[in-house]
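Quick notes on the structure that follows.
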Amino acid sequence: MALPSFADCRSALFDHRVRCTDIAQQALGVIQERNSDLNAFTHVDADSVYRSAETIDRAFAQGKRLPLMGLVLGVKDLLSTTEWPVTCSSKILRGYQPPFEATSVARLRNAGALLIGRTNCDEFAMGSTTEYSTYGPTLNPHNHEYVAGGSSGGSAAAVAADMCHAALGTDTGGSIRQPAAFCGVLGLKPTYGLVSRYGLVAFASSFDCVGPFARDPEVASLVLEQMAGSDPNDATCLDYSPDYTNTFTIQSIRGLRIGLPKEYYGEGIQDEVRQLVNQTAENLKSEGAELVSIAMPHTRHGIAAYYILATAEASSNLSRYDGVKYGLRLSGDEETSLSEMYINTRSRGFGFEVKRRIMLGTYVLSAGYYDAYYAKAQRVRSLIQQDFNEAWKKVDLLLTPVTPAAGTRVGKWGGDPLQMYLSDAYTVTANLAGTPGLSLPVGITADGLPVGVQLIGAPLSESRLFATGKKIMELAGTMP
Ligand code: GLN
């Protein structure tokens, strides 16, 4: 069983053949059938879904026509909503009910989207497999021995398994693009600041981006268009409201200069991944695009800079979970002091990976080490930004792999965090530079695992990414 496409649901709704409550029922049916295997959703409250669907049906009956009516949306467990708790897949926030809604979520709800449930993720979005979740891992719909990727693995798997039309994820170092690639769907990390972070639980504030997962570029562009735009509640949010209405009317890619940065095509890439990325480049060339080999010399320092800066920001952001203001509070058996309460709550509330990051981040910020690590990493960040600025003088877009390998087996990275960190090499750079990246499905390996390619563009080039992305998927035969 699968949910019909958004286009089909929408026309059925607009032709009065179904109501939104019927769409809700169908989506809940698919979730019931598929979720026990995949663990993509961690919280689905049918009563609240039907209440929301009835609200949409009433608006429709009164003559309201909204752009996302008919769309079923999954929401990562990092974005606040007023109807469900937000837990960041962490024990420390179990049961925490936010008093407000994230701007991104509220805008999609106001545009007529039906929020269907919370999707699984790595605890506080720290990880690449969704295995660091208090709810257990999300499995890859294409092969249950493999992970769905992470940290937004639940959102990617939910879209791939047709449990919803689109889902929201967050991308701090690759958490939308990598699971999209692993699950064979499309995932966009927008330009930093294009979508408000208000109501998004912070991991690393200068990196965090909210973005969509979908099966086709048009649905992703619709979702992004509705949630983007300035927000007085987020000072880093850009004063820019995109309009993607004409994005897909321009079909030709003749003359488009596609950069192939050699640092993204080095050793360690799985053969089948390399082959499919090369095939994508050849397909674009045969359509008249120009392939340009370029150098981005600071790429190799991306991982080190990212894991210093992101953990530094995380150690500060996560200091608010002290047992006083949110969620879990663990005192001792007897009367305990305040600091014992902090220690108990934080040692037992946070999982292992989150504690590792807090310690790393605290270390790189500490007096005596600050200059050697944090300050230096900031300088590297500027150099990586410079690499991109130089690239935009020569090319319109960059084409790269999303990850070195097509997938990873459940449990493989458990004892080897370094291996997991290194697999982010091709995604963290766009976050360091604040530039958008789109992950697109282009094929399947002999083992049946999807492979993605990444298109990176200059800030606010989402329209070009979507249009070129659609062409890439058409040429690869991966359009739904
Ligand atoms: N895998 C990366 C990390 O563990 C990226 C996470 C993310 O983008 N949220 O930090």
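Counting starts at 1 for both ligands and their atoms, in listed order.
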With heavy atoms under 4.0 Å as the rule, classify the contact between [X] and ligand 1 as side chain, backbone, both or neither.
{"X": "Ser151", "result": "side chain"}
{"X": "Arg357", "result": "side chain"}
{"X": "Thr172", "result": "both"}

Looking only at the aromatic ring of each residue, does the gap between the centers of [Y] and [X] stay below 6.0 angstrom?
{"X": "Phe124", "Y": "Tyr321", "value": "yes"}
{"X": "Phe207", "Y": "Tyr192", "value": "no"}
{"X": "Tyr363", "Y": "Tyr369", "value": "yes"}

Examine [X] against ligand 1 and note whether any of their N/O atoms are separated by less than 3.5 Å.
{"X": "Gly127", "result": "yes"}
{"X": "Gly150", "result": "no"}
{"X": "Thr170", "result": "no"}
{"X": "Gly174", "result": "yes"}
{"X": "Phe203", "result": "no"}
{"X": "Lys76", "result": "no"}

If you have a sec, work out which protein heavy atom is nearest [atom] and how many Å separate them, to one decimal?
{"atom": "atom 3 (C) of ligand 1", "value": "Tyr307 OH, 3.2 Å"}
{"atom": "atom 5 (C) of ligand 1", "value": "Tyr306 OH, 3.4 Å"}
{"atom": "atom 6 (C) of ligand 1", "value": "Ser175 OG, 2.9 Å"}
{"atom": "atom 2 (C) of ligand 1", "value": "Asp424 OD2, 3.2 Å"}

Residues, nucleotides or ligands: over 12 heavy atoms within 6.0 Å of Asp416 CG: yes
Over 12 non-hydrogen atoms of neighbours within 6.0 angstrom of CZ in Arg300: no
Run the numbers for me: atoms of ligand 1, each under 4.0 Å from some heavy atom of [X], listed by number.
{"X": "Gly173", "result": "5 (C), 7 (C), 8 (O)"}
{"X": "Asp171", "result": "8 (O)"}
{"X": "Ala125", "result": "6 (C), 7 (C), 9 (N)"}

Mutual orientation of the aromatic rings belonging to Phe248 and Phe466 [parallel < 30°, tilted 30-60°, perpendicular > 60°]: tilted
Modelled atom types, side-chain donor and acceptor of Arg118 and Thr81, under 3.5 Å: yes
Axial cation check for Tyr306 ring with Arg381, 6.0 Å and 45° limits: no
Electrostatic pair Glu123-Lys91, nearest N-O below 4.0 angstrom: no
Residues Asp171, Asn431; criterion side-chain hydrogen bond (donor to acceptor under 3.5 Å, both in side chains); working and verdict: CA-CA 8 Å; Asp171 193 311; Asn431 302 80; 3.1 Å; yes
